[in-house]
Amino acid sequence: MHPTSRLRRASVVLGLCAALVGAPAAAAEPATAPAPPVITADQVMPHLDALQRIADRDGGNRAHGTPGYRDSVAYVKAALDRAGFRTALHRFTHDGATGYNLIADWPGGDPEHVVFAGAHLDSVAAGPGINDNGSGSAALLATALEVSRARLTPDRHLRFAWWGAEEAGMVGSGAYVRDLSAADRERIDVYLNVDMAGTRNIRQWLVVHDDPAATAAFEDWFAARKLPTFDIGIGGSDHVSFGDAGIPVGGFATGLDECLHEACDRVENVDPHTETLSTNALIAAVWQLAARH
Ligand SMILES: [Zn+2]
């Protein structure tokens, strides 16, 4: 971990302590915070069907540098544009091919305090990557579309990203964080990541433990539903690109399965019930963190 990130975390912890000392307990939760919506499987699984169709049409995968990846970006971008997000493509080069991160901002909220959620949209070359990580991408898209449907007016600014070339070593998210100015990095209060959200025969939700508010948001949500979790510390996916830059992170994953990085990682490899629960956990965390405490 970079030494400046320790400094930053220390000051965040001190700030929290000061706020707790100074404020009455009842003020911790704003009375006006809206309850998060709850989605059903038919609001998230169609996105996985769409990504499967793209892979089927484009040679069986959605990997960096392929038509399958570009069509995946176009699908998600079109849905976000229709819903009123400001979308932009962040370009990078890897392995001789142009890569794309899709960034989507929800208009409004304090731009000095950004809540950022992301998932990688690329697959490996060997298969369609529907659980890894169409499932996280679909959960993130369903969450963004709920923000739009609710016409959410968050206190903090909301940004979403679908990363390219994660399977090549977190290349897209790494390039994005490198291209941020120091001031823009400081504006990100927390980054949440979802890498696999619909694993079949799930044993437990693997929860990132770093940012205290994000950790509590996920752990409390799963605990309230008696769903088992496991503390993976930081874990390893695109949030590491943010964590290495001193940005507090959170998120979860539903774990590996026998079709990981294989041709059988198709839509049939995703459990709709787990995918729906994961999406609702993400929605609840975004709603909670978007309201300033
Ligand atoms: Zn993945």
Side-chain angles (χ1 to χ4, degrees), residues 44 47-48 50-52 54-55 60-66 68-73 75-76 92 94-95 99-102 116-143 160-177 191-208 210 218 230 232-244 249-271 274-275 277-279 281-282:
V44 64
H47 301 313
L48 292 179
L51 294 175
Q52 181 67 63
I54 287 169
N61 71 64
R62 304 180 302 100
H64 167 71
T66 69
Y69 184 72
R70 287 191 291 278
D71 286 348
S72 298
V73 170
Y75 171 78
V76 176
F92 59 94
H94 175 69
D95 216 7
Y100 304 92
N101 297 316
L102 171 61
F116 199 145
H120 78 84
L121 184 55
D122 65 313
S123 73
V124 293
I130 302 301
N131 192 38
D132 181 15
N133 185 33
S135 64
S137 295
L140 190 68
L141 177 57
T143 298
F160 298 88
W162 287 260
W163 306 117
E166 189 272 350
E167 299 290 6
M170 301 178 281
V171 174
S173 58
Y176 178 82
V177 173
Y191 171 80
L192 309 176
N193 198 71
V194 183
D195 190 350
M196 289 188 273
T199 307
R200 284 182 300 156
N201 305 316
I202 183 174
R203 286 194 297 258
Q204 56 223 154
W205 273 263
L206 311 175
V207 178
V208 173
D210 183 52
F218 288 116
F230 184 81
I232 54 164
I234 296 290
S237 182
D238 290 300
H239 55 286
V240 173
S241 300
F242 287 79
D244 284 350
V249 300
F252 67 88
T254 53
L256 313 179
D257 62 54
E258 64 272 21
C259 285
L260 180 76
H261 297 173
E262 302 281 347
C264 61
D265 189 9
R266 299 176 52 82
V267 68
E268 301 83 9
N269 188 42
V270 172
D271 180 337
T274 300
E275 176 74 18
L277 287 171
S278 292
T279 303
L282 182 60

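Atoms within a ligand are numbered from 1 in the order they appear, just like the ligands themselves. For the single chain, residues carry numbers from 1 onward in sequence order. Excluded from the calculations below are hydrogen atoms, water molecules and symmetry mates; all remaining heavy atoms, backbone and side chain alike, are included.
With contacts defined as side-chain heavy-atom distances shorter than 4.5 Å, the pair I234/V249 qualifies.
When each of D195, D265, D257 is checked for a side chain to side chain donor-acceptor pair (under 3.5 Å) with N131, only D257 meets the rule.
Among the atoms of E167, no N, O or S atom falls under 2.8 Å of the Zn ion (ligand 1). Taking backbone and side-chain atoms together, E166 has no N/O/S atom less than 2.8 Å away from the Zn ion (ligand 1).
With respect to the Zn ion (ligand 1), D132 has OD1 as its nearest N, O or S atom. Here the N, O or S atom of D195 that is nearest to the Zn ion (ligand 1) is OD1.
There is a side-chain donor-acceptor pair under 3.5 Å between H120 and D132.
E258 and R200 are joined by a salt bridge, as a carboxylate oxygen and a charged side-chain nitrogen come within less than 4.0 angstrom of each other.
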